[in-house]
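Everything on this sheet refers to the single structure shown next.
The chains referred to below are lettered A, B, ... by the order of the sequence lines, with proteins before strands, and numbering in each begins at 1. The model shown is predicted, which means the values in this text are computed figures rather than measured ones.
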Amino acid sequence: MGEERRVLTGEHFLTGDHACAEGGMAAGCMFFGGYPITPSTEIAERMSLRLPEVGGIFIQMEDEMASMNSILGAAWGGWKSMTCTSGPGFSLMMENLGLGIVLETPTVLVNIQRGGPSTGLPTLSGQADMMQAKWGSHGDYEIIALAPNSPQEIFDHTIKAFNLAEQYRTPVLVMSDESVGHMTEKVIIPPREELKLVPRNYTKKKPGEYLPFECGEDEIPEMVKAGDGYKIHITGLTHDKRGYPDISAEAQDWMVRHLMNKIQKNKKKIIEVERINMDDAEVVVVSYGISSRVAHRGMDLARKTGVKVGMLRLITVWPFPDYMIKELAERVKAFVTVELNFGQIALEVERYVAGKAKCYLVPHAGGDVHKPEDIAEAIKEAAK
Amino acid sequence: MNKPAAHLETAIVEQDTHPMADLLRMDRMPHIWCSGCGLGTGLTCFIMALKETGIPEDKVAVVSGIGCTGRVAGYLNLDSFHTTHGRGIPFATGLALANPDLRVVVYSGDGDLVAIGGNHFIHSARRNMDLMVVCVNNFTYGMTGGQAGPTTPISAKASTAPYGSYDYPFNIPYLAIASGATYVARWTSLHMRRLKNSMREALPKKGFRVIEIICPCPTAFARKNRLGSGLDLMKHYHDNSIIKHGADPREADIDMNGKVVCGTFLDIERPTFRDFQTENIAKQLGGE
Amino acid sequence: MKGATTPSRKEVRFTGYGGQGMVVMGLILGRAAAVHDGKSATMTQSYGPEARGGASSTQCIISPSRIFYPYVIEPDVLVGMSQEGYDKHRLNIKPDGKLLYDEDLVTLSPEEKTKNIHSIPATRFAEELGRKIVANIVMLGFFCGLTDFVAEEAIRKAIEESVPKPTITLNIKAFDKGKSYALSLLEGSAAKAKS
Amino acid sequence: MKYWRKPLDADTIKVPHGRIYVVKEQCKGCGFCVEYCPKDVLELSQEFNKKGYHSPVAVREEDCVSCGLCELICPDFAIYAELIEEDETTEETPNKTDKTEKAEV
């Protein structure tokens with residue numbers, strides 16, 4: 001056993017959850033701290049089997065607060081780390097997602113969304129944590145969140161999430177859903193040498209020269225790990241570039257702007273979308289995750305009746321591709337947002353459409369997916 | 001109190017000439033702790049103990065939660081992490097597992113470690129995680145003005161217990177031992193040498209080690225309970241602490257007027273979380 | 001065999017009780033199509049808190065191209081291994097679709113309108129083979145004999161990869177049993193048509 | 001505790017001597033060192049430091065045996081004692097000359 005077991009190159013028939021775990025493995029994850037919760041448990045199960053094969057550590061923590069903290073600790077110990085959760089567990093992770101953001105810690109948090117609020121629908125799908133992902137931890141921050149819609153994508157995007165985490169020194173969310181997590185499809189795991197992995201950006205500076213939150217134009221600070229002689233101090237308090245607490249409005253202004261800028265300034269590099277049938281589209285369906293696959297059929301049904309409809313599938317949900325919506329709003333008639341909630345990303349769409357086109361939402365409380373016919377009806381209504 | 005001396009011939013020196021200056025972030029001194037607070041005494045003992053062990057400074061990391069004791073991480077010139085309230089132990093768990101060369105010390109207060117972080121404390125003890133936990137117990141939430149905490153003795157007054165605190169406090173050595181810790185000691189801030197020796201003993205050990213420091217909080221706890229100054233509390237410890245190594249931890253409850261049982265309650269070995277990882281799991285994988 | 005499969009989207013629903021191996025059937029069929037037959041396949045399942053005894057249903061979509069909508073719209077084949085599953089889903093079969101069922105476990109409705117109906121005593125055959133647990137594989141063999149959605153060799157490979165190693169021979173026997181029973185039925189009906 | 005007799009080897013044992021250093025601006029005047037110095041060497045000064053605390057002074061420094069207790073008990077890293085080597089007692093302590101005033105012995 002050893003590193004040769006890390007990447008299981010080949011064609012597999014995997015659930016989204018297992019594909020996610022394999023994505024973590026392929027990305028170089030060495031540490032998983034988690035707490036089982038349906039429907040994300042299979043990720044933890046797979047990691048408990050796989051990590052010891054490469055000398056990594058799986059630890060079942062006592063709760064989700066501990067899980068989130070443990071992966072932050074592991075990252076500062078020098079390992080790539082991840083956790084996964086669902087529903088109430090995501091709420092419990094919010095506190096220390098904030099810590100991860102403020103400490104600018106590269107790590108990956110996967111949320112296999114289920115129906116809520118509260119215990120809600122443990123075994124059934126939902127997409128109602130999308131705003132929580134952006135606003136759920138207290139205070140102002142920017143986050144990167146990806147929304148894969150198939151087991152193959154959850155594999156690919158878990159790797160991508162690790163890469164973005166290293167590139168931008170920040171926690172990255174994979175916001176999938178029960179439908180994708182529990183769906184089984186072909187997953188192609190490429191040969192190890194074809195994987196594009198971003199290594200940790202360790203500083204070349206010497207102890208004494210290095211400041212843990214100092215950064216250049218790109219706003220991305222370099223990383224060190226504990227034990228290398230840098231004697232860093234980092235704190236969840238508002239801090240200066242040295243990492244020392246500085247409880248002043250000025251320090252707060254610098255730190256929060258920096259945290260926001262590092263994502264916002266780089267968003268055109270981060271954001272990824274899929275455009276389907278967009279060449280002649282007069283109506284644009286905006287969707288992500290499982291809903292995008294259901295909406296695809298809705299779009300096909302509407303196209304059969306002659307409606308010129310296309311889809312902007314969000315692969316990156318946060319940062320939100322505001323500039324794409326703004327640009328489309330200048331030339332299309334209407335937007336139809338399809339998601340398993342009562343209007344979360346739909347609000348972002350409306351915000352950037354800013355009255356320049358009609359905006360529709362096809363709401364759904366979760367527990368199932370939309371009826372494609374309902375989506376087709378909404379598209380036809382929007383095309384009028 | 002001694003009356004002020006008439007002459008001033010003592011050598012007055014710069015702060016960075018202090019023998020512990022190398023392990024302190026002198027650019028952050030003086031610290032925020034109040035006059036008469038015992039936290040600094042415990043930290044002095046820790047620094048001395050660390051020096052005596054000879055463990056390289058680069059291989060020690062300190063993790064704190066928040067609160068007065070949480071500031072320890074920020075004052076030590078080591079790799080140090082000041083996390084969120086109660087979460088020092090799980091953060092340290094990841095840190096220690098990812099980097100086995102590090103000796104990881106969690107240094108935090110009673111509210112942080114056994115109230116909001118109580119679940120982490122008992123589970124980390126259960127796993128016998130390789131962490132040394134220093135729990136400074138001053139019976140209150142000092143930084144925020146003296147609210148009742150998980151160790152506030154019965155009848156003690158607190159800002160959230162103006163009529164006296166009437167829920168049972170934790171007995172930390174008993175809690176730690178029952179949960180699976182392998183080294184458990186308690187000292188007061190007055191037992192500097194013994195505390196330092198305990199820390200020196202515990203630092204190189206494996207497994208989950210807990211050292212409780214009973215510590216005066218003159219500003220919040222003592223004032224609300226009319227217990228006098230920090231010095232008065234030290235005198236109280238002098239008169240009321242009993243050293244009893246190997247004592248039954250059930251006898252170590254602390255109340256407002258009774259004795260404080262100190263000593264090394266437990267010092268045993270049992271396999272740690274990492275031992276199981278490296279031996280049992282590795283064996284199973286190797287056997288395939 | 002690859003050339004024998006039809007090039008359009010096919011939908012299959014397996015229904016039964018938890019513990020009968022409905023999920024395994026979906027996994028094997030999907031794996032066979034996706035990994036060994038050059039197609040796309042999506043397998044989804046009903047999730048409930050109970051592992052055994054409750055209703056269990058698996059859906060499998062097989063297509064030569066990328067599958068967007070991952071759920072059954074109208075199945076080409078409904079496989080009924082329980083009365084409850086059959087009752088629940090019997091009205092949702094494509095007009096020219098097939099109904100396959102275990103004749104010891106399912107009694108057809110007097111109003112059953114589906115034209116292509118095939119039954120097999122899958123569970124009894126499995127018991128005769130020594131392990132009731134392989135009833136699902138008997139049924140899969142039966143399915144394979146009556147459809148051309150996925151190449152037979154692909155299914156055999158997928159079985160070998162999906163079942164515990166010591167049970168491969170038994171499972172292949174079970175598959176053969178179902179397959180040959182299907183072929184004998186087809187020959188029987190062909191002979192009947194001739195006479 | 002008092003010795004009930006003079007130790008037999010008292011003449012051969014050299015009693016160590018210490019010099020006391022105070023980081024005046026770091027002191028918070030808690031009085032721990034004054035109270036617990038086993039040789040009763042210290043008292044609080046009448047002067048205030050910048051934060052308004054009375055820091056300790058060695059009023060009987062000749063009695064200091066450099067036991068280190070003041071350094072250990074001080075919560076503010078504000079006091080320590082250094083052992084004076086026999087041949088050094090009348091000289092200035094090296095490295096300290098630029099920053100310290102010489103203590104009166």
- Non-hydrogen side-chain atoms of A:Pro52 and B:Leu285 separated by less than 4.5 Å: yes

- Derivation of the side chain to side chain contact (heavy atoms under 4.5 Å, CB included) call for A:Asn69 and B:Thr93: CA-CA 8 Å; A:Asn69 265 287; B:Thr93 296; over 6 Å; no

- Closest-packed option against chain A by number of heavy-atom pairs under 4.5 Å, given B:Pro90, B:Pro56, B:Ala96, B:Pro100: B:Pro90

- Side-chain heavy-atom pair B:Met129, A:Ile59 within 4.5 angstrom cut-off: yes

- Query: Around atom OH of B:Tyr168, are there more than 12 heavy atoms of other residues, nucleotides or ligands at under 6.0 Å?
  - Reply: no

- Determine, step by step, whether B:Arg127 and A:Glu62 satisfy the side chain to side chain contact (heavy atoms under 4.5 Å, CB included) criterion, reporting the C-alpha distance in whole Å, the side-chain angles of both residues, the deciding distance to 0.1 Å, and the verdict. CA-CA 11 Å; B:Arg127 295 183 191 109; A:Glu62 52 275 11; 2.6 Å; yes

- Query: How many angstroms lie between atom NZ of A:Lys231 and atom CD of B:Glu57, to the nearest 0.5 angstrom?
  - Reply: 3.5 Å

- Which answer fits A:Ile234, side chain, backbone, both or neither, if we ask what part of it has an atom under 4.5 Å from a heavy atom of chain B? both

- Relative to chain A, which of B:Gly88, B:Gly86, B:Ala98 shows the most heavy atom pairs under 4.5 Å? B:Ala98

- Query: Are side-chain heavy atoms of A:Thr235 and B:Arg71 found at a separation under 4.5 Å?
  - Reply: no

- Carefully, step by step, assess B:Asp27 and A:Arg242 under the rule salt bridge (Lys or Arg N to Asp or Glu O under 4.0 Å). CA-CA 11 Å; B:Asp27 47 357; A:Arg242 293 173 300 174; 3.7 Å; yes

- Specify which of B:Asn99, B:Asp101, B:Leu95 makes the most heavy-atom pairs with chain A at under 4.5 Å. B:Leu95

- Task: Against chain A, label B:Leu97 side chain, backbone, both or neither, depending on which of its atoms sit under 4.5 Å from a heavy atom there.
- Result: both

- Item | Contact leader toward chain A among B:His120, B:Lys59, B:His123, where contacts are heavy-atom pairs under 4.5 Å | B:His120

- Query: Which of the residues B:Thr83, B:Ile281, B:Asn77 is involved in the greatest number of heavy-atom pairs with chain A at under 4.5 angstrom?
  - Reply: B:Asn77

- CZ of A:Phe58: more than 12 outside heavy atoms within 6.0 angstrom? yes

- Contacting region of B:Ala92 [heavy-atom separation from chain A under 4.5 Å]: neither

- Message: Atom CD of residue position B:Glu269 - does it have more than 12 heavy atoms of other residues, nucleotides or ligands inside 6.0 Å?
- Response: no

- Stepwise side chain to side chain contact (heavy atoms under 4.5 Å, CB included) check, B:Asp58 with A:Tyr230: CA-CA 8 Å; B:Asp58 291 351; A:Tyr230 288 89; over 6 Å; no

- Nearest heavy atoms of B:Ser80 and A:His233, plus distance in Å: OG-ND1, 2.9 Å

- Message: Let's test your reading of the structure: which of A:Ser81, A:Ala226, A:Ser67, A:Ala66 forms the most heavy-atom pairs below 4.5 Å with chain B?
- Response: A:Ala226

- Determine whether B:Val63 and A:Trp76 make a side-chain contact, defined as any pair of heavy atoms from C-beta on separated by less than 4.5 Å. no

- Query: Does B:Arg28 make a cation-pi contact with A:Tyr244, if we ask for NZ or CZ under 6.0 Å from the ring centre and within 45° of the axis?
  - Reply: yes

- Has the side chain of B:Asp79 got a donor or acceptor atom that lies under 3.5 Å from a matching backbone atom of A:Gly227? yes

- Are there more than 12 heavy atoms of other residues, nucleotides or ligands under 6.0 Å from atom OH of A:Tyr35? no

- Return the option, out of A:Gly78, A:Gly33, A:Pro245, with the maximum number of heavy-atom pairs under 4.5 Å with chain B. A:Pro245

- Any side-chain heavy-atom pair from A:Ile57 and B:Arg274 closer than 4.5 angstrom? yes

- Task: Show the numbers, then the answer: is there a side chain to side chain contact (heavy atoms under 4.5 Å, CB included) between B:Thr84 and A:Met68?
- Result: CA-CA 11 Å; B:Thr84 42; A:Met68 188 65 211; over 6 Å; no

- Item | OG1 on A:Thr105 to CZ on B:Phe91, rounded to 0.5 Å | 6.0 Å

- Task: Return the minimal non-hydrogen interatomic distance between B:Gln277 and A:Gly56, and the atom names on each side.
- Result: OE1-O, 4.3 Å

- Task: Sort A:Met61 into side chain, backbone, both or neither according to what part of it lies under 4.5 angstrom from a heavy atom of chain B.
- Result: both

- Task: Start with the C-alpha distance between A:Glu95 and B:Arg87, add both sets of side-chain angles, then the distance that settles salt bridge (Lys or Arg N to Asp or Glu O under 4.0 Å), and finish with yes or no.
- Result: CA-CA 10 Å; A:Glu95 176 197 44; B:Arg87 315 295 172 222; 2.8 Å; yes

